[in-house]
Structure formats: C-alpha cells, structure tokens
Amino acid sequence: MPSPCPSRLIAEAPTCGVPGAAYPDGVRRIVTVVAALVVAGCSLPIPSPIDTSTPTPKPVTALDARQVSAVLRAAQAHMFANRYSAADSAYARLLREAPLNGEAHAEYALFLNYRNLQAAARMEAARAVALDAGNGHVTAIQCRVEDWSQQLPAALSNGRRAVKKAPADPLAHLFLAEVLADTGDLTGSQREIDAASPLIDHKPTDYLQAERQREMANLAGARGDRSAQIAAFTAARATQPLWLYRSVELVDAEVTAGDRAAAASVLDVAAMLSPDDVETLRVLGEDALFAGDASAAAAIWAKARALAPGDAQVLDMAGEAAVAATHDINAGVAAFLAALNAERTDADAAAYLLALSLYVQHRPPLGRSEIADATEQDVAESRERAPAPPPDPETSWAAGAAQALAAVNAARAAAGLGPVRLDSRLTSSARSHSYYWLFNVLSPAVAGLGIHSETPGAAGFSGRQPWDRATAFGYPNQRVGEDIAHQGSATDAVGDWVNSVYHRFAIMRADLSVIGFGSGAVGALTIQDMEFGFAPARSAPPVLYPGPAQTQVPATFVDNELPDPVPAGKPRTTGYPVTVTFSVADTVRLSAFTLAGPDGTAVVAYLLPPSAATENSASLLPAAPLSPGATYSAHVVAVVNGRRFDRTWSFTTAS
C-alpha cells in the first residue's frame, strides 16, 4: 500500500453479534492521513497576452539550472534533517525565483507528498508536467503523488510513461514498482525494483538506497509477509537514520503487525532526535498516539504546545494527549478552550468539549456554554466584519448520521433490499463509543477487537459491549451489532464497510431495520461507529452482492480486515469480494460458490462458507484483482431449510 509520511493502519471494528457470541466480523485497518500545516504554494504568474505575430519565446527563469540544483539540494538537506519549516522556505524561494522550472515544482510536489498534503502535491505535480512534459523524472513524481492519493489508474499510466521517458532514472522504476504492487502486479513490482537496483548501485545516495528498501517493504506487505516488510523498513531507517520519516514508516508497520512495544521503542529514540520543528513534532506526536506510547505522546505534544502556543491544531492534540495520556480532564478542557480562542471555527475542539460534558462530566449545558464563551467575538472586531459562525457539533453529528443512512440505503438498494431508518438511541450509543475511543485511545484495552469493548471506570464508559451500551441509551433489546472505521467521512466509512468482507454482512442482512451512527475526530485521530438494530430473525431470500446487473463495481480489495479474509502469506491486494447473505434464521449448507470471468474461465478465489462467524453469509474473495470494465458471472448452489437454492447472476467492474 502507499505509505505517505506518515501513513496509518489503525485498528477498526467488526460487527458484533448477540450477547455472549464471538465477534463474527473483523477489525478494519484503514490508512488515515495525518493533518498537517497547509503551506502556501506559489502560483504561476498570470501570463501577458501572446503576440501571435512573433514566435512564442522559450520560458526563462531567474535562476539558472546550476542555481536551481543548489537550492533543491539545500531544501532536501533540510527535509532529511527534519527541518520542514526551513525546507518549505527554501522551496518557496525556489518557486518564487524559478516559477517556470518544471523540476522545481515536481520536487516541491514530492516534498508535499511526504508531508501528506496530497491535494497541494497533486496541484504542484500537474504544474510540473505542464511545464516540462518530456521530463521522465517529473512524470515519475506525478506517478508517486497520484499513487499516494489513491488515483491508481493514473499513477500506473504515468509510471509506465516515466520509465519509458527516463529508463536510467532509478526513482522512475521505484515509483512504478510501488503502484504495481498496490494494484496487485507483484511480479511487475519486483521487476521494476530489480531494474532500479543497478542504477542505484552505480550512483548510490542514502535516499535512493533507503527508497529501494522502502519499495521492498511495500512489496513484502503486498505479499502478506509482515516480517520481511518490517525488516526492509528497518533497513531503510538504518540507511537514513536521522530522517524521522523512516522511523515513522517503521512504526506504522510495527503497529499494523500488532507490535506496539517495538513501535514505542522506535518512537522513544525518534523523540530524542526531534528538533524544535513543530511539524516534525506533529508527526511524532501523532505516531505516539497511534502506537499507544503515552509517555512519548504527553512529552511530544507538550513540547509542540510550548513552541506553538497559539496553534489551534497543536492545542487540539495537546488536549487529546492530556485526556488520553495523563487522564487530566481539566487540562484537556483548558487546551480545547485555548484552541477555540485561537480559532473560533475549530470544529474538532468544540465537538470534543461537548463530548466531554456529555459522556464524562455528565453536564451537557456546560459544554455548550464553554463553546459559546470561547467563540464569543470581540465587539469591536465584529463591527468591522461579520464573524464566522461558531461550530455547532450537534448539527454536524446529525448531518453525518444522515449521510451514513443515505449510503447504507444506497448499498442495500443495489442488492434489492428495502431501506432502514435512523434510531436516535443507537446513534447516541455510537457517538458515545466513538468518543470513548478518543478518550482512551492509548489504553491497550482498545487495541484490536478490544475497540468494541469499554472498561468500567474509564473516561466515557457507558457499557461493556455494544448491546450493553445500546440498552443503556434506551434501545429496547440487545439484537445489536457494530461496525467501526477510521475514515474521513460517514460516506467513506460506509463505502469501506460495503467494499469489505466481514463488515459488509450486517449491512446486507434482511432483518436489519434501524441503524445508529456516531463519529469523533481530533487531528489525525478519527473514528466512525455504526450500530445495527435487527428485527426478530425469520426466513428470507438470500441477498446477493454485488447485486444482479450492478455496474461500476470495484475491481480490487486491499486486505485490511481482522479477522483476515486472506490466507496468511498470500497477496493482500485481491479481487472484489462477492457475498451471499442468508437469513440468520435459516439452516444453510453451501454446495458450490464460483465466479467466472468474461471468457467463462473460473476465477481462483478464497471461500468462506456460511457460519455464525460470518452472520450466515458466504463470501468468495478472488485471489487476484478483477479486470476493469469486465462482466463476471457468479453462481451459488446451497440447500436452505432443506430446499435447493441455485442462482446465477452477473455484475460489471468499473473501467
């Protein structure tokens, strides 16, 4: 998978069953990007009208090629020394004095990409290609930017174009290797790494050698070999030990592998290397939260706050660290109030304050008054210009729930199912648990499948299991399930569940009648929780997904679930899962479940038969990505309540 600095693979959550049952669903681990300072890019000057009577002059720059190279080297040296603010200044100078130099824009795009500022990186990469379309190195950087933005078809096309234009550029091969691995072409990825190796050995640099190890790690991860992935990331870090980005990627891999102790060990060393650079501290501080390193998180965010006492984003994360690392609710409230004073539109701070008042202090009016007081506009200032309205967390929460409902009903409609409705009690339970996770994110108890559980006495506790929390908020029964994601929006979260294996099952159940949706976010930490309310189970027709004649079906699934639907050691990028969800009231014996390609050839796939662990659903997961723009035929045969069920249907993948 693409691993921009810093990439995240965070434990998410499964659908829960009835009380006492094992979790039938899995933990969804999703890449979550870190919020960072948005830098101002240098816009190209507005061109003068072109005189068509004379040839258009070749663009010139204020700096010659030698000077541009010198500034680029200086900017990269700052980046590798974790002086991101100084690097940003160097790039700003370069684009100001050489605005028509394509490589300058491309290298700046790569710098932005490492900082996870994908939108700005894409803009700069596009400018670079527009200025220097024949430059293979520029095109290679565009490939990397698109890959990390999940624009895989464009990245693949530009990666191949870059290698054709610049076959002697090792980065062209390495960046193509990454997108090939991310799209399931593991043989092609290895081929490009092999092609880059002699080029790197001929003119080695620490960066190129570390990038080679990084792509070997990416390929190992795509193959499902976690130990080889961590070994390669460790080698990359050893090659560039002072660049904290290398430590960040290693920490990410260790967290994904479930080795929080190893991740914390790397973080402790990295924290000692940290300079007085706020952006570098952001990266490390967020990694400390993801790795569960409470001491590092508290120390790093305290240092960041001392360096940037008026930065609302730093104050937000300092408040989160106070609550989650030191359990100091008062210090957390003070930090979030300071954030709102610094930036009255800080929605994360306002929502966090209200959540603390609702679920920890149990005084809802207190949170509302704190938000009102912190965002009160100075009278003189308000006379000069209309103030921006203060954040309204409850309205935002309601909007997210409505978006989640629409996405769920759209997916159900594609499968021929009727709509469900929102239940305010389940929504309250889901929102409460979302913030419970934020309040206790550093606790080992919320790691892995523990994310579904709550511990009595912990901040925000409302019930041990989803069904306990639902009834605590007034829901009338315990026929409740739960999915959890770490995505950017309600719509993205539902899409992620539907496009998975285990997390899809609850959404496709015929007995699903109501849902609740809650979410919470502070900085890079984000969570979406959906709770499912089921009617009494009764026999129902099996539900097919993708639905019959459905189009624009994704061709791939990037495995990030627990329990893991892909056998150990197999490639993690597979084809799109095909499922048949039987009623939990029915007795099912699966006889056959197959998928055929456009030419009628059977697709090699991993089969999960109906069971309590799959909510009585069958899943067929193709071992390799499906072909784009192709029509596939699925065939299932089963005995349901003693009667034969035989169905063939087709769907078409997106081009």
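Remember, predicted model here, so these are calculated numbers, not experimental data.
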May I ask you to decide if [Y]'s main-chain N or O and [X]'s side chain share a donor-acceptor pair within less than 3.5 Å?
X: Arg504; Y: Pro577; result: yes
X: Ser157; Y: Ala154; result: no
X: Asp529; Y: Arg431; result: no
X: Asn440; Y: Ala459; result: yes
X: Tyr606; Y: Ser619; result: no
X: Glu561; Y: Val501; result: yes
X: Ser434; Y: Ala430; result: yes
X: Ser462; Y: Arg469; result: no
X: Tyr545; Y: Ala414; result: no
X: Asp311; Y: Val314; result: yes

As an exercise, state the distance from [atom1] of [X] to [atom2] of [Y], rounded to the nearest 0.5 Å.
X: Ile451; Y: Ile484; atom1: CD1; atom2: CD1; answer: 4.5 Å
X: Asp252; Y: Asp287; atom1: CG; atom2: CG; answer: 5.0 Å
X: Ile141; Y: Leu110; atom1: CD1; atom2: CG; answer: 5.0 Å
X: Leu281; Y: Trp301; atom1: CG; atom2: CH2; answer: 8.0 Å
X: Leu512; Y: Arg421; atom1: CG; atom2: CZ; answer: 11.0 Å
X: Thr556; Y: Leu626; atom1: OG1; atom2: CG; answer: 8.5 Å

Would you call [X] and [Y] a side-chain contact if the rule is heavy atoms closer than 4.5 Å?
X: Glu178; Y: Ser189; result: no
X: Asn158; Y: Phe175; result: no
X: Phe651; Y: Leu544; result: no
X: Gln118; Y: Asn113; result: yes
X: Glu615; Y: Met508; result: no
X: Thr652; Y: Val553; result: no
X: Pro565; Y: Asp559; result: yes
X: Gln403; Y: Val494; result: no

> Between Trp437 and Leu525, does a side-chain contact (heavy atoms from CB on, under 4.5 Å) hold up when you go through it step by step?
Replying inline: CA-CA 10 Å; Trp437 181 77; Leu525 296 172; 4.1 Å; yes
> For the residue pair Phe439 and Tyr435, does the interplanar ring angle fall in the parallel (under 30°), tilted (30 to 60°) or perpendicular (over 60°) class?
Replying inline: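 Answer is tilted, since the angle falls between 30° and 60°.
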>> Quick one, Arg214 with Tyr245, criterion side chain to side chain donor-acceptor pair (under 3.5 Å). Give me CA distance, side-chain angles, the key distance, then yes/no.
In response: CA-CA 11 Å; Arg214 184 199 176 280; Tyr245 167 73; 3.2 Å; yes
Closest approach of [X] to [Y] (non-hydrogen atoms, all atoms of both residues):
X: Ala222; Y: Ala181; answer: CB-O, 4.0 Å
X: Ser453; Y: His433; answer: O-CE1, 3.9 Å
X: Ala634; Y: Val578; answer: CB-CG1, 4.2 Å
X: Asn409; Y: Pro419; answer: OD1-CA, 3.1 Å

>> Closer than 4.0 angstrom, basic N to acidic O: yes or no for Arg572 and Asp564?
In response: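 Yes, Arg572 and Asp564 are salt-bridged.
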>> Could you walk me through whether Leu405 and Ile515 satisfy the side-chain contact (heavy atoms from CB on, under 4.5 Å) test, starting with their C-alpha distance in whole Å, then the side-chain angles of each, then the deciding distance to 0.1 Å, before giving a yes or no?
In response: CA-CA 8 Å; Leu405 177 68; Ile515 63 169; 3.9 Å; yes
> Does the cation-pi check pass for Arg509 over Phe532, that is, NZ or CZ under 6.0 Å from the six-membered ring centre and within 45° of its axis?
Replying inline: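 Negative - Arg509 is either too far from the ring of Phe532 or too far off its axis.
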>> Assess the residue pair Tyr436 and Val446 against the criterion (side-chain contact (heavy atoms from CB on, under 4.5 Å)); give the C-alpha distance rounded to whole Å, side-chain angles, the decisive distance to 0.1 Å, and a yes or no.
In response: CA-CA 10 Å; Tyr436 174 89; Val446 301; 4.1 Å; yes
> Checking side chain to side chain donor-acceptor pair (under 3.5 Å) for the pair Gln487/Ser489: CA distance, chi angles, key distance, verdict?
Replying inline: CA-CA 6 Å; Gln487 285 283 353; Ser489 70; over 6 Å; no
> Taking the six-membered ring where the residue is Trp, are the ring centres of Tyr114 and Trp148 under 6.0 Å apart?
Replying inline: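 That pair passes the under 6.0 Å test.
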>> I'd like to know whether Val408 forms a side-chain contact (heavy atoms from CB on, under 4.5 Å) with Met530, so could you lay out the CA-CA distance, the side-chain angles of the two residues, the decisive distance to 0.1 Å, and finally the verdict.
In response: CA-CA 10 Å; Val408 165; Met530 180 167 285; 3.6 Å; yes
